[in-house]
Every structure is written in C-alpha cells, then in structure tokens.
Amino acid sequence: MNIASVIVDVPAKQTDKPFDYRIPEGWLGTIVPGMRVVVPFGPRRVQGFVVALKDHSEFNKLREIHEPMDLVPVLNKELLELGNWLTDHTLSFKISAFQAMLPAALKAKYNKKVKLAQGVSIEELPEGIHHYFEGGQSIGWEDAVKGGLVPVLQKEAAAGNVEVLYEVRERLGKKQIKFVFPLLSQDELRLALEEISPRAARQKDLLEYFIEHPDPAEARKLVGDSGFSPSAIKGLVDKGLLGEKELEVYRDPYEDREFPKTEPLKLTFDQHTAIAPILSSIEENRHEVFLLYGVTGSGKTEIYLQSIQEVIEEGKEAIVLVPEISLTPQMVERFKGRFGAKVAVLHSGLSAGEKYDEWRKIQRREVKVAVGARSAIFAPFENLGIIIIDEEHETSYKQEEMPRYHARDVAIERGRKHKCPVILGSATPSLESFARAQKGVYSLLKLPDRMNNQPMPEVEIVDMREELRSGNRSMFSRKLFEKMEDRLEKKEQIVLFLNKRGHSSFVMCRDCGYVMGCPHCDISLTYHRRNEQMKCHYCGYESRVPLQCPECLSEHIRYFGTGTQKVEEELGKLLPHARVVRMDMDTTGRKGSHERLLKEFSEGRADILLGTQMIAKGLDFPNITLVGVLSADTMLHLPDFRSSEKTFQLLTQVSGRAGRHELLGEVVIQTYTPEHYSIELAGSQNYDLFYQREMMNRKVHKYPPFFYLAMVTVSHGELMKAVSVTEQITAFLRARVSEEAVVLGPVASPIPRINDRYRYQCLVKYKREPALGENLKQVLDRYQKEDGSGGLQVSVDLNPYLLM
DNA sequence: AGCACGCCGACT
DNA sequence: GTCGGCGTGCTC
C-alpha cells in the first residue's frame with residue numbers, strides 16, 4: 001500500500017479524477033485516506049486529498065507525494081463517501097465537494113516565487129535584478145509580474161540560474177501560545193535554587209513560583225500579570241531548568257459569556273406525544289425522517305433539547321442546523337445553557353479562525369453537539385444520534401455555489417448512514433416536506449397549540465389602497481398607528497417588520513425615473529451608505545453616488561435607502577418619545593452588533609424593534625404584544641414559483657413573534673393585495689388551507705413537489721453565442737427525456753447579464769428521468785471544457801431554489 | 001486552473 | 001528570417 005490516489009485541488013473537468021502518487025518511505029503508514037497532502041502537479045505544487053491507498057497503479061511513472069498537510073485525516077471514511085455522494089447528486093467536481101465539507105481555513109493558499117538556484121552566485125545574474133536576490137531573498141511572482149521582470153526571469157530560469165518555487169500553505173496558522181514549564185521535579189528545583197547566584201534575584205523569584213505552581217504557565221501572563229521579566233525566563237531556560245513549548249489554543253468566541261444553566265422543562269401532553277417516536281427511533285438506532293410541524297411558540301426547541309439529551313446519554317452526537325439569520329444569541333444561549341461546553345457553534349458571524357477552532361473541537365471529540373448554519377451538516381462526528389433542521393423551509397439551506405447541495409438532502413443521507421433520526425422542524429413546512437409527510441415518506445409530528453395554551457395572535461389585514469384613498473399617505477395605516485400608540489402607553493413592546501427584498505436600496509431620479517444600473521450587469525446598483533458608494537452586488541462594480549441625474553441632469557436624486565432608515569425617521573417625527581432599535585444590514589454589519597441590539601431591546605431599553613428579514617425568526621421576548629408588517633407584498637411579485645410560499649411563511653413567522661407568553665399578541669399586516677391567498681391565509685394562520693391552494697397551483701404549473709427541476713445556465717460574452725449554445729443544449733435534452741417531462745428554453749435569465757456575460761437558461765421539469773443525470777453530465781462534458789476566460793460557462797443546478 | 005507545445009502574422 | 005498571438009492538450 002505505498003501508492004495514494006489523490007484528488008487534486010484543480011477544479012476542472014479534466015482533473016476531476018484521482019491521480020496516483022508514490023508515498024515516500026518515511027510517510028508509509030502515516031499517510032492515510034482523508035488526509036490532505038501536497039503533491040507535484042505538472043510544474044506546480046497543489047493541495048490534494050488522499051482518497052485511497054493501493055499497491056498498483058495503471059501508471060508506471062509515478063511521482064512522489066511531497067508532504068502531508070495533516071497528521072490526522074480531516075475527512076473520515078464516512079465523509080469521503082459523502083463527498084462522492086455530493087458529487088453525484090450535484091454534478092460538481094470532487095474537489096469542490098471535499099472543500100465544502102471543511103472549514104474555509106483548511107483551503108490551501110498558493111504562492112509562487114522565484115529564488116536563486118542552488119550553487120549559483122548572484123553575480124551570474126544580470127545586474128538589474130541583483131537586489132531582489134540579495135541575502136538569499138526571493139521575489140514573489142506577483143511582484144515580478146508587476147515589475148515587468150517575467151521575461152528576464154524566464155531567461156534566467158531557462159539558463160538554470162533561478163528556479164521557480166511553488167508553495168502550498170495553510171490559509172491560517174493554528175493559534176499558538178507559548179507556555180513555560182519546569183523540566184525538573186520540585187525537589188530538584190529546590191536544589192537548583194541553591195545553585196543560582198545571589199545576584200540573579202529575579203530568576204530565583206521565578207523558580208520559587210514554579211516550585212509552588214509546577215504546571216505550565218502562559219509566558220505572556222507570567223510577564224504581564226505576575227511581573228516576571230522575559231530575561232529571567234530566558235535565564236532559567238538557558239540553565240535547563242525550564243522548558244518552553246507552543247501549545248495550540250482555541251479561540252473561543254463565547255469565552256467571556258456566561259450561559260445560565262437550564263434544566264429540561266416538563267413537556268406538555270402534545271410535546272410528549274411528539275417526542276415519543278423520536279426517542280424510540282434514537283433508542284432503536286433506526287433512521288427515520290420526522291417532520292415536526294408545530295405552530296410558532298409551540299415548544300419545538302424543547303423537543304430538540306430533550307431529544308439531544310437522550311442522544312448524549314446514549315453516548316452519541318447531534319447536529320442542529322439553524323438558518324443563518326436566526327442564529328441569534330437566543331438559540332445559541334438555549335443550547336449552551338442546556339449542554340454547556342459540549343456545544344460547538346458554527347456560523348458566519350465567526351472569523352475563519354474561530355470557525356476552524358469550533359470545527360477542531362468536533363474533530364477532537366471534545367463536544368457532543370454542533371449548532372450551526374448550512375455547512376454544519378458536515379460536522380465530522382463519527383457516531384451521530386440525531387440530526388435536527390430547525391425552520392426546515394428556509395431557503396438558506398440550499399447552497400447556491402458549487403456544490404449546489406441542499407442541507408436537508410445531506411442530512412437525510414447522513415441519517416441513513418448513521419441509522420439515526422432526522423428531525424425537520426417548522427411552523428410553516430416547505431411544500432416538498434409536507435407533501436412527503438402526507439405520503440408517509442416522512443413521519444408527521446404535530447404541535448397544534450402554543451405552550452400554556454396561549455392563543456395565537458389576532459391578525460388583522462389592512463388594505464393600504466383604502467388608506468391612500470382616504471388620504472393617509474404615511475407608511476402607517478391608522479389602525480397600526482393607533483395600536484402602536486396604545487402599546488407605547490402600556491409600556492409593551494412592538495416589532496415592526498419591513499420586507500425589502502426585491503428592490504433593496506437603489507437610487508432613482510425623481511424627475512425622469514432614471515435608476516442607476518450596473519454597466520456590466522442588467523441590475524440596478526445598490527446604495528451603500530457606509531462609503532457613499534453605489535455598488536453592484538453581482539460583479540462588484542463601484543461608483544460614486546451621482547449628484548446629478550446622468551440622464552436629465554436633474555439634482556432631484558432620491559435615495560430609496562434601506563427603507564428601514566426612512567421608517568425610523570418617520571417614527572421619530574410621529575412618535576418622538578418612542579425608543580427605536582433598528583436592525584438591518586447597516587446596523588448589524590459589525591461583529592456582535594446584532595447581539596447588542598437585541599439585548600438592548602430585550603432589556604426593555606427600547607419600545608420598538610424595527611427590522612428586515614433578520615428579525616422574522618427566533619425572537620422570543622415576553623413583552624412583544626404588537627407586530628406590524630409594513631408592506632406584505634414586496635416579495636410576492638418576484639419571478640419565482642415559490643414567492644407565494646415565501647410570503648406565507650414570512651408573514652406567519654413574523655406574526656409568531658407576538659404574544660408568546662402571558663400577554664396577548666396582535667398583528668397588523670399592511671398590504672396592497674389583501675385578496676391574495678398567501679396573505680389572506682397567513683392572516684388566518686391557516687397552513688393547511690394554504691398548503692392545499694398552493695399544491696393545486698404547483699400541480700397545474702408542473703412545479704415541485706409534483707415535478708423536479710433541473711436548470712442549466714449558459715453564459716458567454718456574446719449574446720448570440722449564449723443563445724445558440726442554450727439552444728443546442730435544450731434540443732439535446734428535449735430529445736432525451738420522456739414525454740412526461742417539460743424542457744423550457746432557451747430563455748434569458750431573470751438577470752440577463754452579469755459581468756458583461758449574457759445569461760440564458762434551460763429548465764427541465766420532470767418526474768422520473770433515470771437518464772437525466774447522465775445526459776446532464778454529457779452536456780457538462782461537452783461544453784465545460786470549452787471554458788476559456790472570455791468563453792463559455794455552463795452550469796447545472798439540480799433542484800434550484802433561485803431561478804436566476 | 002496553469003503551463004507547455006505548436007502553428008500562423010508583423011517586426012528588428 | 002524571428003517574436004509572439006492564443007488554440008489544444010496534459011498534469012499521476
């Protein structure tokens with residue numbers, strides 16, 4: 001077994017297969033599957049993943065692995081297999097699948113540089129470049145390019161005077177802290193103490209300290225807190241009495257936080273009924289998918305917690321997925337409060353280093369529970385006892401880059417492997433999941449009532465057209481405004497929700513209606529208040545905010561700012577005494593500000609919480625008795641077959657923020673289309689009816705869950721090329737699917753141009769096409785290699801969420 | 001992805 | 001005659 005099959009870090013069609021390498025003698029037995037290695041690849045060096053060991057290779061001239069990057073495999077057997085599964089199910093490259101399963105910090109960084117060849121003296125080089133190589137220095141390739149040195153260096157390289165070096169480095173060093181510790185026993189140290197010259201008083205002090213505290217001490221603390229001098233330490237180290245070592249330490253993002261310990265709550269009757277099948281599935285090591293359908297405030301989290309408790313008692317581990325935005329401290333607090341240090345938290349608010357450290361805790365078996373966003377589904381546990389996906393319907397569980405996986409699918413695959421239950425929890429399940437539960441593929445568990453039999457909040461829908469007709473031009477309906485005044489009077493709290501997805505903050509000329517667009521993409525530029533810039537979210541183009549309309553030279557430029565900002569201003573005018581906390585991208589940009597703002601609100605230092613999407617979920621404050629949705633229909637008219645479903649879910653979720661405890665809650669939903677069923681039924685909180693209505697819609701239009709989707713997106717710098725290739729692909733697929741399937745296209749993508757590339761797509765709706773995967777692979781084979789820089793790009797998304 | 005190899009136009 | 005354009009194909 002001295003040959004390793006390696007998947008190299010080169011995401012391209014032609015390199016998406018294992019390459020064989022000889023394992024150097026010294027590493028035999030050490031290098032095992034799942035490890036990252038540095039291998040020579042052509043003239044360069046790249047990172048690779050060992051996927052298998054073998055004795056023989058088809059190739060006879062194998063090169064050697066340069067060096068391992070890990071001492072312990074970063075992917076275990078199950079995750080390696082899961083990587084293959086991911087590749088098959090998303091048609092992505094193997095390397096992309098592996099990278100997706102690991103924290104970003106483990107992705108390699110590449111460095112190319114030029115140094116003087118061995119045995120060559122600097123005098124042999126042309127004089128002009130001497131100074132780059134003085135004293136054994138080397139020059140980075142990028143600097144060489146910038147300095148126009150490439151031709152000279154190439155010539156020298158050909159002559160053998162310099163060599164090109166390819167470095168593979170870790171993206172990030174492990175955080176290390178220097179510790180000092182005694183090398184001898186206490187008694188020996190006492191003897192040594194006698195030997196120290198009386199003039200070295202500081203060294204004596206330090207030695208006495210170590211005689212009393214023989215444990216390793218942090219060097220920095222010895223110097224800082226205890227006042228020892230670095231020279232004293234050095235003196236004793238030189239005498240061979242003390243040793244120094246670097247120890248890896250974790251960055252613990254929650255280090256300074258205290259989490260009050262909580263105890264399991266007594267379950268209600270409904271909760272009992274719901275948790276029983278989960279517990280027996282855990283005990284019997286049986287894979288089963290449960291859809292936990294419980295209204296907002298029905299106590300789903302307690303069911304999660306107690307199921308996990310059981311899993312831990314069985315000596316197993318748990319993964320809990322939560323949507324990115326709701327990973328509010330509240331959720332973390334509940335898990336940390338119950339399971340303390342057994343919990344690792346993985347979410348986007350952490351730095352790359354912090355995420356890596358949390359991941360390491362899982363890898364080293366130091367925690368039992370991983371709570372995190374989408375990618376936490378790959379937590380490297382070996383003995384999973386349960387996987388929980390909270391707010392199962394959330395679209396953020398679908399990754400929109402390669403590999404385009406859905407965390408729910410990965411969860412079920414892992415659950416199958418580990419023979420453990422998967423819990424999908426939601427107050428508004430996705431149609432896909434609910435349909436599966438109806439068919440008996442998933443087991444349905446219901447929590448129809450709120451805990452303590454608290455009634456669902458009273459919801460009122462206000463027609464804003466009426467308001468306008470009767471002369472109210474403000475953004476608050478009279479009804480909502482009255483209720484707000486009332487709550488302020490009673491010192492109860494209000495949540496105001498502004499859905500601004502669709503048209504976020506753009507700039508428009510009030511005279512001619514000109515909207516600033518990106519010159520490279522067919523999309524409007526977004527206004528960034530922070531640096532007063534207009535930015536394109538798709539290609540990164542930036543420009544100054546114009547003072548004059550570029551079209552008609554008018555100076556009446558209007559900022560359709562963050563929306564929330566405008567509401568805040570208006571609140572300031574209408575209710576000057578109200579204390580408002582605003583939460584949106586602008587105010588939560590900095591790390592920790594999210595947490596801080598919520599704290600401010602929860603401690604009652606504010607009356608009104610005003611925000612976007614991010615406040616729709618997971619908030620649970622007893623004093624909220626009024627929720628206002630300022631305009632319910634902003635997302636209803638997006639070109640997306642799920643827009644009704646998303647609207648319904650969002651409105652239901654926001655409504656659920658009100659009256660969760662003793663006080664009754666009220667909700668006011670303002671809309672311009674009150675007759676739309678998703679708004680009407682969110683108003684009456686009737687999921688079942690909504691489900692039926694929406695299912696009919698989906699059936700008629702052949703959308704999920706009745707049909708699966710596969711989308712091919714083609715982009716090219718020339719419009720005609722993009723169209724013609726999409727045409728070819730559409731024809732190819734059309735000829736290869738059954739009559740039942742529908743192949744749509746070519747159509748321009750909803751964003752027809754990004755980064756000066758025209759985008760066309762082909763959508764396949766199908767029920768059962770066993771050969772479709774193979775056919776799509778062929779499409780990729782045929783077109784992906786034509787992929788030049790200005791050339792063609794073809795991508796496939798199986799079960800797309802964004803049709804863009 | 002890089003990088004080398006290889007075959008056709010405008011220049012010292 | 002050569003330098004250099006980027007099309008094609010390879011990397012164990």
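Bear in mind that the values here come from a model prediction, so they are computed numbers and not experimental data.
Taking the centre of each ring, A:Tyr397 and A:Tyr405 stay at or above the 6.0 Å mark. With ring centers used as reference points, A:Tyr166 lies 6.0 Å or more from A:Tyr110. Between A:Tyr760 and A:His716, the gap from one ring centroid to the other reaches at least 6.0 Å.
Nucleic acid contact for A:Phe41: base, since at least one base atom lies under 4.0 Å from a heavy atom of the residue. When heavy atoms are screened at a 4.0 angstrom cut-off, A:Tyr166 is found touching the sugar-phosphate backbone but no base atom. Residue A:Lys17 is classed as a base contact, given a heavy-atom separation below 4.0 Å to a base.
The nucleotide range of DNA chain C contacted by chain A, defined by atoms under 4.0 angstrom from heavy atoms of the protein and reported 5' to 3', is C:dC10 to C:dC12.
Proximity of residues 43-54 of chain A to DNA chain B (heavy atom under 4.0 angstrom from any strand atom) is restricted to A:Pro43, A:Arg44.
Here the side chains of A:Asp797 and A:Glu400 are in contact, with some heavy-atom distance below 4.5 Å.
Pairs engaging residues 71-83 of chain A under the salt bridge (Lys or Arg N to Asp or Glu O under 4.0 Å) rule: A:Lys77-A:Glu81, A:Glu78-A:Arg414, A:Glu81-A:Lys417 [sequence neighbours left out].
Between A:Glu358 and A:Lys355 no salt bridge is recorded (no basic side-chain N to carboxylate O distance below 4.0 Å).
A cation-pi arrangement, defined by a distance under 6.0 Å to the six-membered ring centre and an angle within 45 degrees of its axis, is absent between A:Arg734 and A:Phe732.
Taking atom NZ of A:Lys112 as the reference point, atom P of B:dG2 lies 9 Å away to the nearest angstrom. When the C1' atom of B:dA1 is taken as reference, atom NZ of A:Lys107 falls 12 Å away, rounded to whole Å. A:Gln14 places its CD atom 10 Å from the C1' atom of B:dA1, with the value rounded to the nearest Å.
Of all non-hydrogen atoms in A:Gly160 and A:Val120, the two that sit nearest each other are O-CG2, 3.8 Å.
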